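What follows is a single structure, written as C-alpha cells, with notes after it.
FYI, side chains are in, hydrogens and waters are out, and symmetry mates aren't considered; it's all heavy atoms of this structure. Remember, predicted model here, so these are calculated numbers, not experimental data. Whatever order the structure lists ligands and atoms in, that order sets their numbers, starting from 1. Residue numbers run from 1 in the order of the sequence given.
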Amino acid sequence: MWRVAAVRRCGRWAGAPGPRRERQRRSSAGGWRASWRIFAAPHWKSERVIASRQGPHLQLAGGGAGIINFCANNYLGLSSHPEVIRAAVEALEKFGAGLSSVRFICGTQSIHKDLEDKIARFHQREDAILYASCFDANAGIFEALLTPEDAVLSDELNHASIIDGIRLCKANKYRYKHMDMQDLEAKLKEAQKHRLRLVATDGAFSMDGDIAPLREICQLAQKYDALVFIDECHATGFLGPNGRGTDELLGVMDKVTIINSTLGKALGGAAGGYTTGPKPLIDLLRQRSRPYLFSNSLPPAVVGCASKALDLLMESNAIAQSMAAKTQRFRSKMTAAGFTISGKDHPICPVMLGDARLASVMAEDMLNRGIYVIGFSYPVVPKGKARIRVQISAVHSDEDIDRCVEAFTEVGRKHGALP
Ligand code: PLP
C-alpha cells in the first residue's frame, strides 16, 4: 500500500508530462522492472546467518549447530586463532577503536607503519601501503599508475575488483583469453605502440582454483618490456614453500613488480588490503591513489590481527605448509569417488556439476547433512559450468574432510551426479 502511495506521490511531484518527463518516466519504469527481474532470478543471493566465530565448525542462527564449514577463505584457520584475537584486543585497548581520519590527516599510527614494513618484508619487496580492502587496493592502483599513453593487459577471468580498477583508468585496455599465453603474446605485440605495458592477473583464480602461469607471463613481460601485477588474495600466506604466494611457488619473486593482496582471507580474515612493490610506486600511491587518500585508516584491532598473522607465518613455515596434505586428501578422495575437481593443488576445490539446478539442490542437501558448501552458477561462472566450490582450511581435521566426501557421495548418487 505504502509503495502505491509513494509512486502516486512521485508522479504528482514529477510535474506535468513533457518529452523529458516522459523519458524519465520510461527509464525509471525500466529500472523498477529490472529490479523485479533480479528478485525473480534463480541466482538471487541470500545470506545464511552464522551465530558463532568463523572456523571449521559453525553454528547457524536459528539452530544448525556443529555444521562443518567448507566455504570460507579462512585457509590457515587464523580467523579465530587465540593469538590473533589477543593481538586484536591489545591493539584495541592501546590504540583505540579507530582513527576517525584518513591516513594523511591524522590517521597514521605506529602500528600502521609497522604493518606496512612487515608486509614488505614478508613479500621481500621495498615498501607497502595499506587500504581498507583489496577491492580498494585494486580500485586505486591502475588510475594512479597508468596514463592514456599506457596499456593494461588483463586476463579475462580476473576478479571483479581488478576489472573495476581498470575501468577507472584511462589506459588502453586489452583483455587476453584466460591463461592463454599465445593470446597474451599477440596482445603484447599489439600494445608495443604504447609508452608502458602492465600485465594484470590473479595469482590464483577463485572460481576455478587454477594458478596463473607466472613463469611464462614473466618471460613474455621481459620480452615485450612490460610490468607484471598480480592479485594474491587466494595465495598469500599459503602458496609456495613459505606461504609468500604464487610468485614464490613459481620461482618468480624477482620478476613480478606489483602485488595486491588482502588481509581478509588467510591473514587473520578481519579486513584490509595492500599493495607492495617498488618504493617509488608506493610513494606515488600515497599521493595519488583515491581509495587511500579519501577513506578512513584501518582500525587498530584489524591491524593487530593481520600483524600477528604475519608474525606467525614469518616465525615458521609450518602453518603455510599445514594445508597442503588436507587439500590433497580431499582432491584425491573426491576424484576416486567419481567427481571432477577443477584446478590443481589449490585449497579451492570446485566440484564441477554443469547444471545450475543440480549445484543448488546438492548444496542444499549437503547442508541437511551438516556440510556447508555453496553452489555457483551463471553469471558468476560461465553457463553450463555450475559447480559447488569447496574450500579446505588447515584447521579441518581428516575426519571433517572424510565426512564431506561421504556426504558428497551420498548426495551425488541421490541426485544423479554419480552413477
Ligand atoms: N581480489 C580477489 C581475487 C578476491 O577474491 C577478492 C575478494 O573476494 C578481492 C580482490 C577483494 O578483497 P577484499 O575482500 O579485501 O576487498
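Around ligand 1 you find Ser133, Cys134, Phe135, Asn138, His159, Ser161, Asp202, Asp231, Cys233, His234, Thr262, Lys265, Gly272, each with a heavy-atom distance below 4.0 Å.
Once rounded to the nearest 0.5 Å, the distance linking CD1 of Ile119 with OG1 of Thr276 reads 7.5 Å.
Applying side-chain hydrogen bond (donor to acceptor under 3.5 Å, both in side chains) to Asn260 and the options Asp136, Asn138, Asp231 leaves one that passes, Asn138.
Remark: Arg329 engages Asp402 in a salt bridge, criterion side-chain N to carboxylate O under 4.0 Å.
Contacts classified as side chain to side chain donor-acceptor pair (under 3.5 Å) and involving residues 296-312 (residues at least two apart or in different chains) are given here: Lys118-Ser307, Lys118-Asp311.
Looking at Asn69 and Gln54, their side chains do bring a donor and an acceptor atom within 3.5 Å of each other.
Under a 3.5 Å cut-off, the side chain of Arg197 and the backbone N or O of Leu153 do not form any donor-acceptor pair.
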